[in-house]
Amino acid sequence: MMSRLLPFPMLSLLLWLSWLLLNGFSWGHGLLGLVLAVVLPLGTRPFWPNVPRLRDFPKLVRFVLVVHWDIITANVVVARLILGSPRKLRPAFVELPLELTDDFAITLLASTISLTPGTVSADVSEDRRTLLIHALDMDDEAELVAQIKQRYERPLKEIFEC
Amino acid sequence: MDQVVEFLVSAAILVGGVFALVGSIGLARLPDFYLRLHGPTKASTLGVGGTILASLLFFSWQERALQLQEVLIALFLFITAPVSAHMLAKAAMHRDLKRREDTRGRPWKQ
Amino acid sequence: MLAIALPIGFGLIVLALLLNLYRLLRGPTLPDRALALDTMYINAIALIVLYGIATDGKLYFEAGMLIALIGFVSTVAVAKYMTRGDIIE
């Protein structure tokens with residue numbers, strides 16, 4: 001019954017919270033937001049890809065905190081690289097073999113890579129096995145791949161069952 | 001105005017402004033498209049993040065109540081910035097844009 | 001203190017916008033110009049948010065939100081057009 005009414009509980013929660021943020025916290029908007037949070041996921045259900053079940057919520061919180069911290073440090077590092085001599089940069093295209101299989105998790109990983117130190121995800125292969133990354137300043141390919149795997153891919157793999 | 005809040009708001013504005021500028025400097029001076037892509041995706045996002053934090057603090061202090069609306073803009077930008085960077089990178093690879101000669105590895109054929 | 005920080009903040013972001021304009025006009029390729037526009041709308045949001053603080057107006061939040069939505073959709077549309085030669089397949 002519950003899963004019929006709320007196919008995507010996290011999405012519903014997010015919708016409800018954004019509605020309250022947009023319109024201010026009051027009882028009326030709380031109720032209206034609640035209706036929307038139930039109706040919208042039901043109505044758009046056919047358009048959603050298979051969203052994996054969240055397995056480990058505390059790990060997700062930790063992951064979000066780690067990523068935010070990395071975004072801040074990444075910016076300082078990138079700022080220094082940008083203001084320094086462009087000749088010293090060692091740009092590279094790197095192929096990252098993926099262990100994640102789920103589309104949603106891969107999207108999250110690609111977004112995380114784009115937001116963190118000197119790397120932008122450029123493409124995913126047709127078979128979803130490899131991610132193409134462009135690095136602003138790469139020292140050693142194996143090291144970069146290992147770092148991304150250890151810091152972002154493994155937690156994501158543990159957070160979603162896939 | 002309360003000294004501490006005023007200081008924090010000012011600091012957030014300056015940090016945000018500096019990062020926005022750094023991102024744009026990267027866009028203006030780096031030698032090839034793929035390198036230019038790095039500045040805006042990160043620095044500019046943090047630039048907006050800084051100003052939004054400032055606005056958040058400022059209005060929360062003024063109205064004596066937590067004002068979280070601005071977070072929505074930051075959240076939206078954080079979700080969309082990687083997507084637009086990804087799409088632009090694909091477009092660049094499709095057009096086979098020139099990259100600096102010392103770039104290791106190669107982009108994929110689109 | 002805020003009276004000093006705000007004009008400096010405005011100055012920094014206007015400078016950033018000018019640099020984006022330079023890249024927009026200079027190119028040299030279409031993706032470069034699209035990227036310049038993308039950066040420009042993000043910086044414009046920062047400018048609007050700052051303006052909201054300066055004039056103490058809460059309405060500017062809505063303007064910022066709208067620009068964020070429209071800017072993202074247009075960047076994606078332009079990028080898609082450049083890869084596929086078509087926006088809606």
Side-chain angles (χ1 to χ4, degrees), chain B residues 1 3 6-7 9-14 16-29 33 36-37 39-41 44-45 47-52 54-55 58-59 62-63 67 69-70 72-73 76-77 79-81 83-95 97-98 110, chain C residues 1-6 8-24 26 28-32 34-36 38-40 42-43 45-50 52-53 56 58 60-62 64-65 67-69 71-85:
Chain B
M1 195 176 182
Q3 286 289 313
E6 197 178 338
F7 175 76
V9 172
S10 308
I13 289 175
L14 291 182
V18 166
F19 274 114
L21 183 60
V22 167
S24 300
I25 290 175
L27 178 71
R29 82 186 277 241
F33 175 81
R36 281 177 211 139
L37 199 54
T41 44
S44 297
T45 319
V48 178
T51 49
I52 282 173
S55 147
F58 180 78
F59 286 111
Q62 280 227 315
E63 320 221 336
Q67 301 284 318
Q69 296 188 330
E70 280 86 351
L72 279 179
I73 300 182
F76 186 77
L77 283 180
I79 295 171
T80 58
V83 179
S84 22
H86 187 93
M87 301 278 296
L88 286 172
K90 278 187 90 147
M93 288 192 297
H94 178 69
R95 305 196 140 216
L97 290 194
K98 248 188 250 147
Q110 293 290 315
Chain C
M1 205 183 315
L2 202 58
I4 307 168
L6 265 175
I8 298 177
F10 275 126
L12 289 169
I13 289 171
V14 167
L15 215 58
L17 279 167
L18 286 175
L19 286 169
N20 299 159
L21 190 64
Y22 162 76
R23 181 50 71 197
L24 181 66
R26 174 93 194 281
T29 63
L30 212 50
D32 278 302
L35 181 63
D38 186 64
T39 319
M40 228 172 178
I42 294 178
N43 284 331
I45 294 170
L47 197 67
I48 287 176
V49 172
L50 274 193
I53 299 178
D56 200 357
K58 292 229 67 181
Y60 294 103
F61 154 76
E62 255 104 286
M65 194 77 211
I67 293 188
L69 292 168
F72 170 63
V73 174
S74 23
T75 304
V76 169
V78 170
K80 185 122 198 216
Y81 180 73
M82 285 189 292
T83 15
R84 302 254 187 261

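Naming: A, B, ... by sequence-line order, numbering from 1 per chain.
Looking at C:F61, both its backbone and its side chain come within 4.5 Å of chain B, counting heavy atoms on both sides. At a 4.5 Å heavy-atom cutoff, the contact between C:L69 and chain B is made by backbone and side-chain atoms alike. The part of C:L50 that comes within reach of chain B is its side chain, from C-beta onward, which places non-hydrogen atoms under 4.5 angstrom from that chain. The contact between B:V18 and chain C is made by backbone and side chain atoms together, counting heavy-atom distances below 4.5 Å. Of the atoms belonging to B:F76, it is side-chain heavy atoms, and not backbone ones, that fall under 4.5 Å from chain C. For C:I45, the part sitting under 4.5 Å from any heavy atom of chain B is the side chain, from C-beta outward, and nothing else. For C:D38, the part lying under 4.5 angstrom from a heavy atom of chain B is the side chain only. Looking at B:L77, only its side chain comes within 4.5 Å of chain C, counting heavy atoms on both sides.
When all heavy atoms of C:L19 and B:A28 are compared, the pair lying nearest together is CD2-CB, 3.8 Å. Here the closest heavy-atom approach between residue B:S55 and residue B:E70 is recorded as OG-OE2, 2.8 Å.
The most heavy-atom pairs under 4.5 Å with chain C, out of B:L27, B:L37, B:V22, come from B:L27. In terms of heavy-atom pairs under 4.5 Å with chain B, the best-connected choice from C:N20, C:I4, C:L47, C:T75 is C:N20. Taking C:A5, C:G71, C:P31 one by one and counting their heavy-atom pairs under 4.5 Å with chain B, the maximum is reached by C:P31.
For the pairing with C:T83, the side chain to side chain contact (heavy atoms under 4.5 Å, CB included) check across B:M87, B:M93, B:H94 returns one residue only, B:H94.
Side-chain contact between B:Q69 and B:F59 is absent, with no heavy atoms from C-beta onward closer than 4.5 Å. B:T80 has its side chain out of reach of C:V76: every pair of non-hydrogen atoms, C-beta onward, lies at least 4.5 Å apart.
Rounded to the nearest 0.5 angstrom, B:S24 OG and C:L21 CG are separated by 11.0 Å. Note: B:I73 CD1 to C:I67 CD1 = 9.0 Å, rounded to the nearest 0.5 Å.
Taking the ring-ring contact (aromatic ring centres under 6.0 Å, His included) definition, one finds that C:Y60 meets it with C:Y51, sequence neighbours left out.
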